[in-house]
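Beneath this line is the structure, given in C-alpha cells, with notes to follow.
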Amino acid sequence: EKGGYDYFMLKEIAEQPKAVADTLLGRIDAAGSLTLDEVRIGAAELRELDKVVIVACGTAFHAGLIAKYAIEHWTRLPCEVELASEFRYRDPILDPRSLVVAISQSGETMDTLMALRHAREQGSKVLAICNTNGSTIPRESDAVLYTHAGPEVAVASTKAFLTQLVACYLVALYLGQVRGTKWGDEIRAVIRDLSRISGAVERVLETMEPVRALARSLAGKKTVLFLGRHVGYPVALEGALKLKELAYMHAEGFAAGELKHGPIALIEEDLPVVVVVPSPRGRSVLHDKIVSNIQEIRARGARTIVIAEEGDDAVVPYADHLIRIPVTPTLLQPLVSTVPLQVFACELATARGNEVDQPRNLAKSVTVE
Ligand code: M6R
C-alpha cells in the first residue's frame, strides 16, 4: 500500500502534484472564474464581511499564516490567524460579519473544533477547509471546502499542507472575485497560474537528489535554522516543524527581518541556515533585503542553504548550497518552496535512523485538548 516507496511520507510527497491538481479540479470554469458552490455562504453575506479569522494547529496553522497574505492582498479584508488552542481563551472579538476559517487535515483536531464551536456561538459563519469527508469539523461548520489530497497516513503532513494552501488561495481569490477589488486583472491572472501550478510542483520533485545528499551530510548536526520573509516566513516555520517532528533536531524558523533583533546571536561557525528567498520580481525590495541577510549570516560563519527561483543570480555568490525552484507568482511560491524542506526533513530522519511515518510521541490527529 506504500506503492513501492519505503515510507508513506515519501509516497505522499510524490503525490503532491496530483493532490494539488485534484483540489483545483472543477473549481475553475472555462472562462477562468472560480465556482465554489460548496461555499454555501451567499454572495450578499460575503460582501458584508468585515474580517476573516483563521484558526488551525501545527502545519494547518502555517497554511493559515500564508493565507493571510493572500486574503489581505486580494480582498483588502483584515485577516487574523490564530492558533486554535489559544483562540477561545482570549475572548476573541467575533460577530456575524466575521468569517471564521477552520483548517484541518483530519477534521478531528479538538483544539480547532473547540475554536469553531466558540465562533459559531458568537454568531460567526464558519468555513472548514478539510481533507476528511464527513469528519467532525466539516459537520459542525456552515460550509466546507474539501482538499482532495486523498488519505494522508504519515504523521508529518505534506500533501495535505499543499492542498490546504490551494484551498486558501481559492477562498482568497473567490472572496476577491465576489466582493470585487482593484486587483481584478491580477486575480484572473493568478487563477490561470494556479491552474498550472501542479506542473511546477512536479518539476521541483524531479530535482531533489542534491537535497537528499545535503540532508545526509547534515545528519550529525544539532541545530538547523530557517529564515524567510513575506510568505516565505511561514514556509520557514513549516520547514522547522518538519525537522523537529522527523529528525528530532532543534530547528527554528525566523522572519529574516528579525535577525538583527536577536536571532543573529545564534549564528556560529558551520551552523546550517536554510533561507527561503522571495522572487526577485514582484516584491523585489524584499529579495534584496534577504540577500543582505544571507551575506550577514555567512560573514558570521553560517553554512547557507539557499532556496531561490531559477534565474535568480544575485544569491549565487553567498549560497554554500543552492536549491532551485520554478518561477511562480510571489504569493504562490510556498507551493514549490515547501517541497524541498519536506524532502530535507524526511531524508534527515532516515539518515538518523528515525521512524519516518510514526515519529516518537506524536499522533496523526490530536483529539484531546
Ligand atoms: O488534522 P489537523 O490538520 O487539524 O492537524 C493539525 C496538526 O496537528 C498537524 O498539522 C501537525 O502539526 C502535523 N503533524 C504536522 O506535520
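Order of listing sets the numbers, starting from 1, for every ligand and every atom in it. Fair warning: this is a prediction, and the values are worked out from it, not measured in the lab.
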Atoms of ligand 1 under 4.0 Å from any heavy atom of Ser157, numbered from 1 in the order shown, are 15 (C), 16 (O)
Review point. Should Ala156 be listed as contacting ligand 1, given a heavy-atom distance under 4.0 Å as the test?
Key: yes
Could you say whether the N/O atoms of Val155 and ligand 1 ever approach to under 3.5 Å?
yes
Residues at least two apart in sequence or cross-chain that pass salt bridge (charged side-chain N to carboxylate O under 4.0 Å, His left out) with Glu48, listed by chain then number, are none
re atom 8 (O) of ligand 1, the protein heavy-atom contact at minimum distance is Val366 CG2, 4.2 Å
Closest to atom 10 (O) of ligand 1 among protein heavy atoms sits Thr59 N, 3.1 Å
- prompt: Does some non-hydrogen atom of Lys364 fall short of 4.0 Å from ligand 1?
  reply: no
Please say whether the positively charged group of Arg352, taken as NZ for Lys or CZ for Arg, lies over the ring of Tyr248, i.e. under 6.0 angstrom from the six-membered ring centre and within 45 degrees of the axis. no
Nearest non-hydrogen protein atom to atom 4 (O) of ligand 1, with distance, is Thr109 OG1, 2.4 Å
heavy-atom search around atom 16 (O) of ligand 1 in the protein gives Glu245 OE1, 2.6 Å
Quick note on ligand 1: atoms under 4.0 Å from a heavy atom of Gly58 include exactly 12 (O)
Side chains of Phe344 and Leu243: does their closest heavy-atom pair fall under 4.5 Å?
yes
Closest non-hydrogen contact found for Thr132 with Pro138 is O-CG, 4.0 Å
Counting heavy atoms under 4.0 Å, the part of Lys242 that contacts ligand 1 is side chain
Of all protein heavy atoms, the one nearest atom 3 (O) of ligand 1 is Gln105 N, 2.6 Å
The protein heavy atom nearest to atom 1 (O) of ligand 1 is Ser106 OG, 2.6 Å
dist Glu152:CD -> Thr147:OG1 (nearest 0.5 Å) comes out at 9.0 Å
Within 4.0 Å of some non-hydrogen atom of Ser104, the atoms of ligand 1 are 1 (O), 2 (P), 3 (O), 4 (O)
Query raised in the report: Just wondering, do Ile325 and Pro340 contact through their side chains at under 4.5 Å, heavy atoms?
Result: yes
Taking every heavy atom of Thr109 against every heavy atom of Cys57, the minimum-distance pair comes out as CG2-SG, 3.8 Å
task: Identify whether the distance between the nearest side-chain nitrogen and carboxylate oxygen of Glu309 and Arg324 falls below 4.0 Å.
output: no
min-distance protein heavy atom vs atom 6 (C) of ligand 1 -> Cys57 O, 3.4 Å
Only one of Ile129, Ile66, Thr163, Ile71 passes side-chain contact (heavy atoms from CB on, under 4.5 Å) with Cys168, and that residue is Ile129
